Amino acid sequence: GEDVEQSLFLSVREGDSSVINCTYTDSSSTYLYWYKQEPGAGLQLLTYIFSNMDMKQDQRLTVLLNKKDKHLSLRIADTQTGDSAIYFCAETPTGANNLFFGTGTRLTVIP
Amino acid sequence: DTGVSQDPRHKITKRGQNVTFRCDPISEHNRLYWYRQTLGQGPEFLTYFQNEAQLEKSRLLSDRFSAERPKGSFSTLEIQRTEQGDSAMYLCASSWAGVNEQFFGPGTRLTVL
């Protein structure tokens, strides 16, 4: 079955880079996603990467995918206090239509 | 506002009562999904619709849960005979079929006393 794992907490200082990591077990996953959830709110899609890509960059966000190790990471450059939130990694295995989420990483940005 | 909306945002009910939530997807999105998120966990898939057809249901969706999307636009999720274990955030998302981006609503937080 699908299993997506993330570390629970990450603290960084404002202005530093944040790296949030995720591992997944389903090698057939076609798309991998990063969502952001602020307190009491729904999920905001930040970015996603297709499984045949190694890297995707979008402004301050860089996604790295290592298919061999089934490892996905999200790097946030110049982290700001507004980036404080829970970040979820999610996958869509081949043939599935829904998302499988990790437990989320709570990012705290220290001013 | 053309985002996904959900109503109510909060619901407190007593155990054994029935509750119904509504989701309005992004206009013309033909897929609509329901997820449940408990405290400290990621969302878990419950069910999804393409147009008015309910195409998949998770084993999490017990027989006390029913979802409808009668006209292929808004959807309702009903929980009968609520239990304390049903307390969670219920999230709705929508997308175009064949497009991988799902857009989420703000959720309905259910508390069962």
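In what follows, chains carry the letters A, B, and so on, assigned in the order in which the sequence lines appear, proteins first and then strands, with residues in each chain numbered from 1. Only a predicted model underlies this, so the values are computations on that prediction, with no experimental measurement involved.
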Can we say B:Asp86 and B:Arg64 salt-bridge, meaning some charged N sits less than 4.0 Å from an Asp/Glu carboxylate O? yes
Check the orientation of B:Tyr35 and B:Phe104. Use parallel for under 30°, tilted for 30 to 60°, and perpendicular for over 60°. tilted
Could you tell me which portion of A:Leu45 (side chain, backbone, both or neither) has an atom closer than 4.5 angstrom to a non-hydrogen atom of chain B? side chain
According to a 4.5 Å side-chain heavy-atom criterion applied to Ile, Leu, Val, Met, Phe, Trp and Tyr, with indirect links allowed, do B:Leu91 and B:Leu110 form part of one hydrophobic cluster? no
B:Gln6, part contacting chain A, at a heavy-atom distance under 4.5 Å: neither
From the list A:Gly102, A:Cys89, A:Gly42, A:Gly104, the residue making the most non-hydrogen contacts under 4.5 Å with chain B is A:Gly42
Pick whichever of A:Leu99, A:Thr92, A:Thr103 has the most heavy-atom pairs under 4.5 Å with chain B. A:Leu99
Heavy-atom contact with chain B under 4.5 Å, split by part of A:Tyr33: side chain
Anything under 30° is parallel, anything over 60° is perpendicular, the rest tilted; go ahead and classify B:Tyr90 against B:Phe21. tilted
Does A:Lys56 count as lying over the ring of A:Phe50, i.e. NZ or CZ under 6.0 Å from the six-ring centre, within 45 degrees of the axis? no
Heavy-atom distances under 4.5 Å only: say whether B:Arg9 touches chain A with side chain, backbone, both or neither. side chain
Using a 4.5 angstrom heavy-atom cutoff, name the option from B:Gln50, B:Met89, B:Gln102, B:Gln41 with the most pairs to chain A. B:Gln102
Relative to chain A, which segment of B:Glu56 carries a heavy atom at a distance below 4.5 Å: side chain, backbone, both, or neither? side chain
So which part of A:Gln37 gets closer than 4.5 Å to some heavy atom of chain B, the side chain, the backbone, both or neither? side chain
Rounded to the nearest 0.5 Å, how far apart are OG1 of A:Thr62 and CE of A:Met55? 6.5 Å
Are A:Arg60 and A:Asp83 close enough for a salt bridge, meaning some N to O gap below 4.0 Å? yes
